[in-house]
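Have a look at the structure below before the remarks.
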Amino acid sequence: MSFFTHQHNARNNTTIFVVLFIIGTVILPILTAIGIDYWEKRYLPRDFDSVPWEIIGILLGGTIGIVIPVALYKFSQFKVGGYVIAEQLGGRYIHPQQAQNFQERQLINVVAEMAIAANIPAPHLYILDAEQGINAFAAGYTFDDAGIGITKGALDVLTREELMALIGHELSHILNEDMRINLRFTAIICGMYVLMTVAYQLIINMGRGSRNRSSKEGGGGLAIMAFFCLIFIALGALLALWGNIMQASVSRQREFLADASSAQFTRMPHAVASLLKKIGGSIEGSTIHTSNSKAYSHMFFANSARQLFSTHPPLNQRILHMEPNWDGSYIQPVPLYDYSHTQNYFNFEQNTVNSYNNDPFTN
């Protein structure tokens, strides 16, 4: 199967999961309303007129009335530049003209080459110096504010081809606007959690208010409101669970798409497979130790932290997509560079330039 076929399949699967997410978000309040009606009457609606439209209107209207405004507000907050996320993850900015050693110069060159292959502007570049796992991330909302971060562990053990595969993967996320998709999901899920919180706070406030009233003063109305608040809490929990499942499913498909796109950009699917094998054979794996790693796990090349709903496919599935005849063995990564030699090389290069500039026979 070609990487173009993998891209086509991943895009189709993404569409399916997004549609399922929308359908589920609408269907769950309706099913909840029918369940309440059944609990009260002990029979399901037999025709159009017997459908509990009032309860459906309350649940669906309440859900949309809270989730949509909160989602829009959160989405506007999330539209921050890639540099903000990179700094929160401990990234150090690398200026394209100020490489400090061979590793950084090679990385800058690879990013520039892969950006040309992807036909997008080269993003801002960051290195996570404290992270020894093999990983990278893409962040940002537009091409202009996009940034790529890569761990020091990846720079230490990846060959140039594997580095190209890693950067190509992250550039695919920028090109295919995967960050926007994830931000939209996250904003809507935040709205679902707010629905739960609002309903819970209403119950708390009603409980406090009831202490100042006699049992004859609106007790029935408070009981009905409390009942619907409990329903909204349960509904919000179900919607958030459904949202997390669908977000993880979509994210896994976008990872397959990014792997296939990286193979397209580099024309080296074996490099993508080799990169994944090194993650599987590494003691650190792809773990990111900074405290913010779990919140941004969906932005990384591979799982940065353990989660209930994984946003990345298993390594073996990703490897098999790139190398169908894989024998199941991983690669134990080893450092490829001697930093003292690298620094000596830069010192030698600088001294050579200085000597040339000061040589009277060349001026």
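We're numbering straight along the sequence, starting at 1. Atoms considered below: every heavy atom in the structure, side chains included; atoms not considered: hydrogens, waters and symmetry mates.
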Can you check whether Ala273's main-chain N or O pairs, donor with acceptor, with Glu323's side chain at less than 3.5 Å? no
Are there over 12 heavy-atom neighbours, none belonging to Tyr38, within less than 6.0 Å of that residue's OH? no
List the steps, then state whether side-chain contact (heavy atoms from CB on, under 4.5 Å) holds for Ile279 with Phe301. CA-CA 10 Å; Ile279 293 177; Phe301 175 79; 3.5 Å; yes
Any chance you could measure Asn13, atom CG, to Leu257, atom CG, to the nearest 0.5 Å? 10.5 Å
How long is the gap from CG on Asp178 to CZ on Arg254, to the nearest 0.5 Å? 4.0 Å
Spell out, as yes or no, whether a donor-acceptor pair under 3.5 Å connects the side chain of Arg318 to the backbone of Leu315. no
N/O donor-acceptor pair under 3.5 Å between Thr287 side chain and Ser304 backbone: no
Side chain to side chain donor-acceptor pair (under 3.5 Å) contacts touching residues 51-73 (sequence neighbours left out): Tyr73-Gln77
Assess, by modelled atom type and distance only, whether the side chains of His289 and Gln132 contain a donor and an acceptor separated by less than 3.5 Å. no
Thr14 (side chain) donor-acceptor with Gln253 (main chain) under 3.5 angstrom: no
Taking Asn135 for its side chain and Ser286 for its backbone only, find out whether a donor-acceptor pair lies under 3.5 Å. yes
Residues Asp37 and Pro52: closest non-hydrogen pair is CB-CG, 3.6 Å
Determine, step by step, whether Lys277 and Ile319 satisfy the side-chain contact (heavy atoms from CB on, under 4.5 Å) criterion, reporting the C-alpha distance in whole Å, the side-chain angles of both residues, the deciding distance to 0.1 Å, and the verdict. CA-CA 7 Å; Lys277 290 177 191 175; Ile319 294 171; 3.9 Å; yes
Residues which pass side-chain hydrogen bond (donor to acceptor under 3.5 Å, both in side chains) with Tyr296, listed by chain and number, not counting sequence neighbours: Gln88
Kindly give the heavy-atom pair with the smallest separation between Ile331 and Ser274, and that separation in Å. CD1-OG, 3.8 Å
Pair Asn303, Ser310: side-chain N/O donor-acceptor within cut-off below 3.5 Å: yes
Rounded to the nearest 0.5 Å, what separates atom CD1 in Ile27 from atom CG in Leu20? 11.5 Å
Side chain to side chain donor-acceptor pair (under 3.5 Å) pairs, two or more places apart, involving residues 112-130: Arg92-Asp129, Glu113-Arg160
Report yes or no: do Ile167 and Val157 belong to one cluster of Ile/Leu/Val/Met/Phe/Trp/Tyr joined by side chain heavy-atom distances under 4.5 Å? yes
Would you mind reporting whether Leu107 and Leu155 have side-chain heavy atoms less than 4.5 Å apart? yes
So if you build clusters from Ile, Leu, Val, Met, Phe, Trp, Tyr with side-chain heavy-atom gaps below 4.5 Å, do Leu275 and Met268 land together? yes
Output, in order, the C-alpha distance, side-chain angles, deciding distance and verdict of side-chain contact (heavy atoms from CB on, under 4.5 Å) for Thr186 and Gln247. CA-CA 8 Å; Thr186 302; Gln247 182 183 30; 3.0 Å; yes
Leu241: partners by side chain to side chain contact (heavy atoms under 4.5 Å, CB included), with sequence neighbours left out: Ile245, Phe309
Over 12 foreign heavy atoms within 6.0 Å of OH, Tyr330: yes
Inter- and intrachain pairs under ring pair (Phe, Tyr, Trp, His ring centres under 6.0 Å), touching residues 250-285, at least two apart: Phe256-His321
Looking at every non-hydrogen atom in both residues, tell me the closest pair between Gly24 and Leu239 and how far apart they are. O-CD2, 4.3 Å
Indicate yes or no: at least one non-hydrogen side-chain atom of Arg105 is less than 4.5 angstrom from one of Asn101. no
Could Glu162 and Lys278 be called an ion pair, given the rule that one side-chain N must be under 4.0 Å from one carboxylate O? yes
Taking Asp145 for its side chain and Tyr141 for its backbone only, find out whether a donor-acceptor pair lies under 3.5 Å. yes
Pairing residues for His298 by the ring-ring contact (aromatic ring centres under 6.0 Å, His included) criterion, not counting sequence neighbours: none
Considering residues at least two apart in sequence or located in another chain, which fulfil the side chain to side chain contact (heavy atoms under 4.5 Å, CB included) criterion with Gln332? none
ring-ring contact (aromatic ring centres under 6.0 Å, His included) with Phe185: which residues, sequence neighbours excluded? Phe21
With sequence neighbours left out, the residues meeting side chain to side chain contact (heavy atoms under 4.5 Å, CB included) with Arg252 are Ala248, Ser249, Pro313
Approximate separation, where rounding is to 0.5 Å, of His173 NE2 and Glu255 CD: 3.5 Å
Please list all pairs meeting side chain to side chain donor-acceptor pair (under 3.5 Å) that have one or both residues in residues 234-245, counting only residues at least two apart or in different chains. Tyr193-Asn244
In the structure I gave you, are the side-chain heavy atoms of Tyr200 and Met196 within less than 4.5 Å of one another anywhere? no
Quick one: closest heavy-atom pair of Ile233 and Ala199, and the distance? CG1-CB, 3.6 Å
Would you say Asp144 and Thr142 are linked by a side-chain donor-acceptor pair, where the criterion is simply a distance under 3.5 Å? no
Gln103 and Asp156: side-chain donor and acceptor closer than 3.5 Å? yes
Can you tell me how far CD1 of Ile181 sits from CG of Asn176, rounded to the nearest 0.5 angstrom? 8.0 Å
Does CZ belonging to Phe75 count more than 12 external heavy atoms closer than 6.0 Å? yes
Applying ring-ring contact (aromatic ring centres under 6.0 Å, His included), name anything that partners Phe228, two or more places apart in sequence or on another chain. none
Closest heavy-atom contact between Pro123 and Val111? CD-CG1, 3.9 Å
Give the cluster check for Phe227 versus Ile58: same hydrophobic cluster or not, with ILVMFWY residues linked at side-chain heavy-atom distances below 4.5 Å. yes
Please say yes or no: joined through hydrophobic side-chain contacts below 4.5 Å, possibly via intermediate residues, are Ile23 and Phe17 part of one cluster? no
Mind listing the closest non-hydrogen atom pair of Ile55 and Ala33 along with its distance? CG2-CB, 3.6 Å
CD of Gln97 to CD1 of Ile108, rounded to nearest 0.5 Å, is 7.5 Å
Any sub-3.5 Å donor-acceptor pair from His169's side-chain atoms to Ala263's backbone N or O? no
With sequence neighbours excluded, tell me which residues meet side chain to side chain contact (heavy atoms under 4.5 Å, CB included) with Ser282. Ile134, Glu284, Pro333
Any heavy-atom pair between the side chains of Met179 and Ile174 that's under 4.5 Å? yes
Please answer whether the main-chain N or O of Arg46 pairs with a side-chain N or O of Ser50 as donor and acceptor at a distance below 3.5 Å. yes
Applying side-chain contact (heavy atoms from CB on, under 4.5 Å), run through Leu28 and Leu235 and close with a yes or a no. CA-CA 7 Å; Leu28 277 173; Leu235 181 58; 4.2 Å; yes
Any link between Leu31 and Ile64 through a network of hydrophobic side chains (Ile, Leu, Val, Met, Phe, Trp, Tyr) touching at under 4.5 Å? no
